[in-house]
> 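My questions all concern the structure below.
Residues: numbered from 1 along the sequence shown.
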Amino acid sequence: MNFIDALFQYGFLQKALTTSIMVGIICGVIGCFIILRGMALMGDAISHAVLPGVALSYLLGINFFFGAVFTGILTALGIGFISQNSRIKNDVSIGIMFTAAFASGIILITFMKSSTDLYHILFGNVLAVRPSEMWSTLFIGILVLVCVYVFYKELLVSSFDPTMAAAYGLPTRVIHYFLMTLLTLVTVASLQTVGIILVVAMLITPASTAYLLTNRLWVMLYLSAGIGVLASILGLYFSYTYNLASGATIVLAATVLFVLAFVFSPKQGLMWRAIKSLRKRVMYSRIKLDRED
């Protein structure tokens, strides 16, 4: 049975597709601000930092959303506190906190009964998404998009020029932690789809692809969300058709789209730069020949 027929017949595939599309959108949107701020490592840190919260939630028998959000925000606050109150730089504090959080999660996971839970937490399994998880992803997605829409100007100014934002009286530190909160929510929403280890790729790769295609932030946001959706659909198709890990196939699909943009994008692509370089050489040769004549 092909993917389209199965999509109309199986409810689990419909839920998987819906969840994947939502994750592609919100990861694409938040990822734009992450790469513009040079915070890719922070995205990696938050994605790993939610692991102890997820593990603790499993042990206590509660929804993993609450534990993951708590430990994600706590880690973000810890990183900021260390870098602002010591000689330790921000990237070093990120490394300290996220490795400590991830190690704590591994210890907690040893008390879990099923190793299958660990696999799903780390690598995701969107084909097994439950209705409650789909609805929680939808709720998080709407909340994140509304926040970005309402505070778009503040995020724009503080992302491109923090010094100017501070001069205008914008609370740059509050905006930073606000973005970290949104990043944590997006990470939690992506757990079931791509898992903890691969979620950073969905945050960075679609946004980086869009960054190669445009210089305007609002265009970049739409492109990044669209690329995230396309990668999610393609990844889910290959995951279902060839019985592959869903998170890995989604990430690889996003990577292929990045490579295409890297090679063929106007102005930024390798191919167009090579063509421009060849044209310059041809013009230079012609000018040289004309002078010799």
> Is the backbone of Met202 close enough, under 3.5 Å, to the side chain of Thr205 for a donor and an acceptor to pair up by distance?
no
> If you compare all heavy atoms of Leu108 against all heavy atoms of Pro52, which two are closest, and at what distance to 0.1 Å?
CD1-O, 3.5 Å
> Considering non-hydrogen atoms only, spot the tightest contact between Ser83 and Ser93 and give its length.
CB-OG, 3.8 Å
> Calculate, to the nearest 0.5 Å, the distance between atoms OG1 and CD1 belonging to Thr181 and Ile73 respectively.
4.5 Å
> Do Val146 and Val174 land in one hydrophobic cluster if side-chain heavy atoms of ILVMFWY residues count as linked below 4.5 Å?
no
> Heavy atoms only: give me the nearest Ala76-Ile46 pair and the separation to one decimal.
CB-CD1, 3.9 Å
> Measure the CG-OG1 distance between Leu198 and Thr249 for me, rounded to the nearest 0.5 Å.
9.5 Å
> Side-chain contact test, heavy atoms from C-beta onward, threshold under 4.5 Å: evaluate it for Ile34 versus Ile204 and give yes or no.
yes
> Return the minimal non-hydrogen interatomic distance between Val126 and Ala16, and the atom names on each side.
O-CB, 3.3 Å
> So if you build clusters from Ile, Leu, Val, Met, Phe, Trp, Tyr with side-chain heavy-atom gaps below 4.5 Å, do Ile250 and Ile233 land together?
yes
> Specify the closest pair of heavy atoms between Val251 and Ala201, including all atoms of both residues, with the distance to one decimal.
CG1-CB, 3.6 Å
> Membership question, hydrophobic clusters at under 4.5 Å side-chain separation (ILVMFWY): are Leu74 and Phe81 in the same one?
no
> Working note: Leu36 + Leu217, criterion side chain to side chain contact (heavy atoms under 4.5 Å, CB included); need CA distance, chi angles, decisive distance, verdict.
CA-CA 9 Å; Leu36 288 175; Leu217 178 58; 3.4 Å; yes
> Got a sec: does the CG of Asn85 have more than 12 other heavy atoms crowding it under 6.0 Å?
yes
> Show every ring pair (Phe, Tyr, Trp, His ring centres under 6.0 Å) that has at least one partner inside residues 184-222, sequence neighbours left out.
none
> Measure from the side-chain N and O atoms of Ser224 to the backbone N and O of Leu221, and report whether any donor-acceptor pair falls under 3.5 Å.
no
> Using a 6.0 Å cut-off, check whether atom CZ of Phe139 has over 12 heavy atoms from anything other than its own residue.
no
> Any side-chain heavy-atom pair from Leu212 and Phe258 closer than 4.5 angstrom?
yes
> Okay, side chain of Thr71, backbone of Ala68: is any donor-acceptor separation there less than 3.5 Å?
yes
> Any heavy-atom pair between the side chains of Leu13 and Phe3 that's under 4.5 Å?
yes
> Considering only heavy atoms from C-beta outward, does the side chain of Thr137 approach that of Val129 to under 4.5 Å?
no
> Is it true that Val188 and Leu60 fall in one hydrophobic cluster, defined by side-chain heavy atoms closer than 4.5 Å?
yes
> Is the ring pair Phe64/Tyr58 parallel, tilted or perpendicular, if the boundaries are 30 and 60 degrees?
parallel
> What is the distance from atom CG of Leu213 to atom CG of Leu223, rounded to the nearest 0.5 Å?
6.0 Å
> So among Val199, Val200, Leu203, which one has a side-chain contact (heavy atoms from CB on, under 4.5 Å) with Val194?
Val199
> Find the distance between OG (Ser57) and CZ (Phe65) and round it off to the nearest 0.5 Å.
10.5 Å
> Please evaluate residues Leu236 and Leu127 with respect to the criterion side chain to side chain contact (heavy atoms under 4.5 Å, CB included), reporting the C-alpha separation (whole Å), side-chain torsions for both, the decisive distance (0.1 Å), and the verdict.
CA-CA 8 Å; Leu236 185 60; Leu127 295 176; 3.6 Å; yes
> Keeping to residues at least two apart or across chains, list the salt bridge (charged side-chain N to carboxylate O under 4.0 Å, His left out) pairs with something in residues 128-141.
Arg130-Glu133
> Write down the atom of Ala245, the atom of Ser239, and the distance for their closest heavy-atom approach.
C-OG, 4.0 Å
> Applying the 4.5 Å side-chain criterion to the ILVMFWY set and letting contacts propagate, would Leu252 and Leu230 be lumped into a single cluster?
no
> With side chain to side chain contact (heavy atoms under 4.5 Å, CB included) as the test, would you mind laying out the steps for Trp272 and Ile275 before giving the verdict?
CA-CA 5 Å; Trp272 294 111; Ile275 292 174; 3.9 Å; yes
> Distance check, rounded to the nearest 0.5 Å: Met39 atom CE versus Leu41 atom CG?
10.0 Å
> Under 3.5 Å, side-chain donor or acceptor atoms of residues 158-167 against the rest of the protein: list the pairs with distances, not counting sequence neighbours.
| residue | atom | partner | partner atom | Å |
| --- | --- | --- | --- | --- |
| Ser158 | OG | Arg37 | NH2 | 2.5 |
| Ser158 | OG | Glu154 | O | 2.7 |
| Ser158 | OG | Leu155 | O | 3.3 |
| Ser159 | OG | Arg37 | NE | 3.1 |
| Ser159 | OG | Leu155 | O | 2.6 |
| Asp161 | OD1 | Thr163 | N | 3.3 |
| Asp161 | OD1 | Met164 | N | 3.1 |

> Give, for atom CG of Leu183 and atom SG of Cys27, the distance between the pair rounded to the nearest 0.5 Å.
9.0 Å
> State whether the number of non-hydrogen atoms from other residues, nucleotides or ligands found under 6.0 Å of Phe12 atom CZ is greater than 12.
yes
> I'd like to know if the side chain of Thr241 reaches the main chain of Phe238, judged simply by a donor and an acceptor atom lying under 3.5 Å from each other, with no hydrogens or angles considered.
no
> Quick one, Met220 and Ile35 - any side-chain contact, counting heavy atoms below 4.5 Å?
yes
> Checking Val29 against Val144 for the side chain to side chain contact (heavy atoms under 4.5 Å, CB included) test, could you report, in this order, the C-alpha distance in whole Å, the side-chain angles of both residues, the deciding distance, and whether it holds?
CA-CA 9 Å; Val29 170; Val144 168; 5.5 Å; no
> In terms of ring plane angle, is the pair Phe178 and Phe151 parallel, tilted or perpendicular, where the classes change at 30° and 60°?
perpendicular
